[in-house]
Each structure stands twice: as structure tokens, then as C-alpha cells.
Amino acid sequence: LKEDTSQEKLHILKMQHTVALLVVFAAICQALPYSSNSDVINLDKKNFAEQVFGSEHIWIVEFYAPWCGHCKSLEPEYLKLAKNLKGIVKVGAVNGDVEKELAGHFKIQGFPTIKVFGSQLEKTSDGKGVQKTPEDYQGPRSADAMANYVLGKLPNFVTKVTTANVDNFLAKDLAKVILFSNKPSTTNLYKALAIDFHHRLEVGEVKHTEKDVVSRFNIEKFPTLIVQTASGDVSKYEGALSHGELFKFLTPFAKPLEKRSGPPPSEKKAEAPPPDPVREVRVEVETQETFEEVCLNKAGNTLIAFLNGGDIEENALEKQIELLEKLQDKYSKFYKFIWIDGVKQPQMLDTFNLASDLPGVVVYNPGRKSAVPFLGSFSEASLSEFLDRIMSGSKKATSLSKVPSFAAPKKDEL
């Protein structure tokens, strides 16, 4: 009996170990991109303008890459955020590894980048569409911190109904939604419903202290929500106080969305400014004027390759330029690419703290006056890893003590 019991215990331990491994494996396998079954809304260049610019809802949008370690660490908090804010704030995500054009339009320099799109719609420069101006979220990346930030951005389209203005409120053309509440301030859920039905329902709130209005509608408990139609009929809501159920109840009373042959103005794509043409990396930067034009006066990161312009042995220079062209094809949405003859401009190597051995590479951000020197072999794999790590934030930039510049040309040079 003792032997049988020992074998049974061993079998149970093995089963528990197997289950534990399966749980860990499942957790590892749940990787980015976000599942369509999650509460995070996947955005791409086809649906971004319609979704984000098509309403007055607040959006928080993460630009991520599936390979990015920081993005993977953020994923559980971001999923929690989306679940907690469902129906109140829109939580979206853009796979920047796939949607390079969209990431480039918003000048995404690294992953993850979180942007918040507020409620205010603005006309595009041509006046034909609308857009929103995003702001970067720089706070803690916990679900609670992100939620507190975006909830503070919620507009309040709810009318405070009192004895003094109730008749004017009820005289409006649209159906009236009235919440009788004993809360000290308007809840986020009710603000979100007011956004949902803005210009389609009149949304009001009566505090329990407004005794005359409360008595007029025979309200006996708080909260109570009613709808009064234009004809004066009153319907009381009896369901669960959830966004989904409330939205379903209110929709039949709302003014229908206008039908147009094309998308309504609020859903038109914002026309992005034309991107700067990609400069051919094959063309050497030879003067201070050109350097200012293609790098110093531009926003974002520039990869500067210092090559030996006179190195023609075994086509070394040509092979190095071809490698830069491959990298430019892959990363042109995130970096600009130029090359400079390091033999002619040794003082620039000193400015960037690069060794005199060529080729040398640095990523320079003139706006931030910072740089990340590259240490490694001049190969596609090594340079790709270097650029990916800068985008993920795992490579730290150092501040420069002076602005890099070309040496003054000699007097006998044309």
C-alpha cells in the first residue's frame, strides 16, 4: 500500500508539473499583435481616420512592434486598460512594424510610443476633412495611471438641469435623456454616453437636491434614468447600469445618423502632408550647406555613415553604399540616411566620439543634440539590430557638447 501511495503521489506531481509548464507556455505564446478578441482596437491606415477622427471620443493609441521587449512588458497593462475603459475611452493599437506609413505620419521614433487623441476635431489645411492633434503620453505605463490620464480628458456634454432651466431643456427638439443622481459629479460612464449621442439626444442630469424637478417626474430612488420623447412620452430604464445595455436602450430614441453618399465630414480622412522625398543615400554629403539641409534642419533621427571615399579596393565603398541602401529601404520611415567621407572630415568623428577606423556609424538627433554611436561590424544584421534597439528604447543616447560641422574648405577648392 505504501508503494502504491508513493507512485500515486509521484504521478500527481508529474501532472501538476505538466500543467504548470502548459500555463507558462500559454502565457509565452500570447504575444503581440493584439488579438481581435481583446478589447484593444487594432488600427491601420485603412481604418485609422474613420475610427479616431470619426467621433468625439477620446482615443489612447499605442504604436508598437511585436519584437519589442518593452511593448511585450506593456501588453498586460494595456489589455487591462482596454477592459477597464471599454465603452468610455477608445483604446487602440498600431503595429508599427507593419503600418510603417502610419507610424511615419505621426513621426514615431521608437516603440512603444503612446499618443492620446482628444475630443476636439479640427479642419484639415484644405478644409475638406477633419483631424485631431495628438499628444504624447509620458506618464507611468500602468493601467491605473493611463486610465486616470485619459479620463481627465473626457469632455462633458451633459446639461445640468435645475428648476430654473428644466422647461427650456424639455422644450428642445431632440428626445431628452435625464439622469437623476445623488453623485457629487457626473460619472465617466454618463459622460461617455453623452459623447455617443452628441447632437442626437439632449443629455441632462438632475441632482437629488433639485426637489421640485425630482417630484415633477415622481422619482423615488437614485440613480434613475428616463427618456422623454418630443411628444412627451416618458420611458424609464430598468436594466443594468453598463455602457452596452444603456447604449442599446437609448439608440431607438436618438436622431438617426445622417445618410450621405460619401463619408460624413467627421469621418473623412485627414489628408497627411506630403512626406519629404527620400534622399538617395548613394549621394555623398560634401558640404556644410548640404549637411544642414538634409540633417541639421530636419526633425528625427539620421544615420550618418562615415566611409572612406577613396577606398576602391575590391569595391569596398560600393558594397558599403549598397548595404546602406538596403537599410534605407527597410527603415526610411524611422531614419534618414546619409554618408560622409570620414577621411576628409576627421573632426566630425571626434565630435561623435567615433574611432578613426572606417567605416563608422552614428545615429544623430539634431533636435535633441544627442547621438548613439555604433559599435560592431559593418553588416546588415548588426546595423539592423542597432537600429531596432534604438527604436525600442534599449539604446541610450548621449548629449553632444557641440554641433557637428564640416571643416572649412581650403582656399584653392572650388
Side-chain angles (χ1 to χ4, degrees), residues 109-110 276 278-414:
Q109 299 294 329
D276 291 337
V278 177
R279 184 180 189 276
E280 290 186 17
V281 69
R282 178 170 291 278
V283 182
E284 178 188 356
V285 175
E286 299 183 86
T287 66
Q288 179 67 23
E289 183 181 4
T290 304
F291 183 58
E292 290 175 359
E293 178 187 343
V294 301
C295 179
L296 295 183
N297 295 337
K298 297 287 185 181
N301 292 327
T302 298
L303 180 144
I304 305 173
F306 291 94
L307 309 179
N308 182 349
D311 189 356
I312 59 174
E313 185 177 347
E314 295 182 354
N315 294 321
L317 179 63
E318 177 65 22
K319 290 177 181 177
Q320 290 164 358
I321 292 175
E322 287 178 355
L323 173 54
L324 292 175
E325 288 176 330
K326 288 182 180 179
L327 292 170
Q328 185 179 46
D329 289 341
K330 185 177 180 181
Y331 293 98
S332 62
K333 297 295 183 183
F334 306 102
Y335 300 92
K336 293 173 285 294
F337 289 78
I338 63 175
W339 81 271
I340 295 171
D341 193 328
V343 176
K344 296 178 182 177
Q345 306 296 333
Q347 79 290 342
M348 294 188 80
L349 297 174
D350 293 338
T351 301
F352 287 117
N353 296 314
L354 292 174
S356 58
D357 296 337
L358 300 178
V361 174
V362 66
V363 168
Y364 176 51
N365 189 307
R368 298 175 181 172
K369 298 179 181 179
S370 62
V372 186
F374 169 67
L375 300 175
S377 63
F378 194 85
S379 67
E380 183 176 358
S382 295
L383 285 165
S384 294
E385 181 186 5
F386 170 67
L387 295 176
D388 287 342
R389 290 185 65 188
I390 292 176
M391 291 165 64
S392 69
S394 59
K395 272 281 187 184
K396 301 301 181 185
T398 55
S399 299
L400 297 183
S401 58
K402 61 182 179 179
V403 176
S405 61
F406 274 62
K410 297 178 181 178
K411 289 184 178 180
D412 60 348
E413 290 182 352
L414 294 175

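Along the sequence shown, residues are numbered consecutively beginning with 1. These numbers come from the heavy atoms of this one structure, side chains and all, not from hydrogens, waters or symmetry mates.
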Which pairs would a plain distance check flag for residues 357-379, meaning a side-chain donor or acceptor within less than 3.5 Å of a matching protein atom at least two apart in sequence or in another chain?
from, atom 1, to, atom 2, distance (Å)
N365, OD1, G367, N, 3.1
N365, OD1, R368, N, 3.1
N365, ND2, N301, OD1, 3.0
S377, OG, S379, OG, 3.3
S377, OG, S382, OG, 3.0
S379, OG, S382, N, 3.2
S379, OG, S382, OG, 3.1

When rounded to the nearest 0.5 angstrom, what is the spacing between CZ in F306 and CD1 in I338?
-> 7.5 Å

Taking the side chain as C-beta and beyond, is there a heavy-atom pair between M391 and Y331 under 4.5 Å?
-> yes

The reported gap from CD1 in I321 to CZ in F337 (rounded to nearest 0.5 angstrom) is 14.0 Å

Taking all heavy atoms of S384 and all of K330, pick out the closest pair and write down the distance.
-> OG-NZ, 3.7 Å

Audit row: E318, R282, side chain to side chain contact (heavy atoms under 4.5 Å, CB included) steps and yes/no | CA-CA 9 Å; E318 177 65 22; R282 178 170 291 278; 3.0 Å; yes

Between atom OG1 of T287 and atom CD of E293, what is the distance when rounded to the nearest 0.5 Å?
-> 8.5 Å

Side-chain heavy atoms of L324 within contact of L307, under 4.5 Å | yes

What's the shortest heavy-atom distance between G309 and L317, and which atoms?
-> O-CD2, 3.5 Å

First locate atom OG1 of T302, then atom CG of L296, and finally report the distance between them rounded to the nearest 0.5 Å.
-> 8.5 Å

Test side chain to side chain contact (heavy atoms under 4.5 Å, CB included) on V281 and L327 and set out the steps.
-> CA-CA 10 Å; V281 69; L327 292 170; over 6 Å; no

Can you tell me if Q347 and Q345 form a side-chain donor-acceptor pair at under 3.5 Å?
-> yes

Nearest heavy atoms of K298 and K336, plus distance in Å | CB-CE, 3.5 Å

Quick one: list whatever passes side chain to side chain donor-acceptor pair (under 3.5 Å) with Y335, sequence neighbours left out.
-> none

CZ-CD distance between F406 and E286, expressed to the nearest 0.5 angstrom = 8.0 Å

When you look at F334 and I390, which way does the side chain to side chain contact (heavy atoms under 4.5 Å, CB included) test go after all the steps?
-> CA-CA 10 Å; F334 306 102; I390 292 176; over 6 Å; no

Spatial distance of atom CG (L323) from atom CD (E325) [nearest 0.5 Å] = 9.5 Å

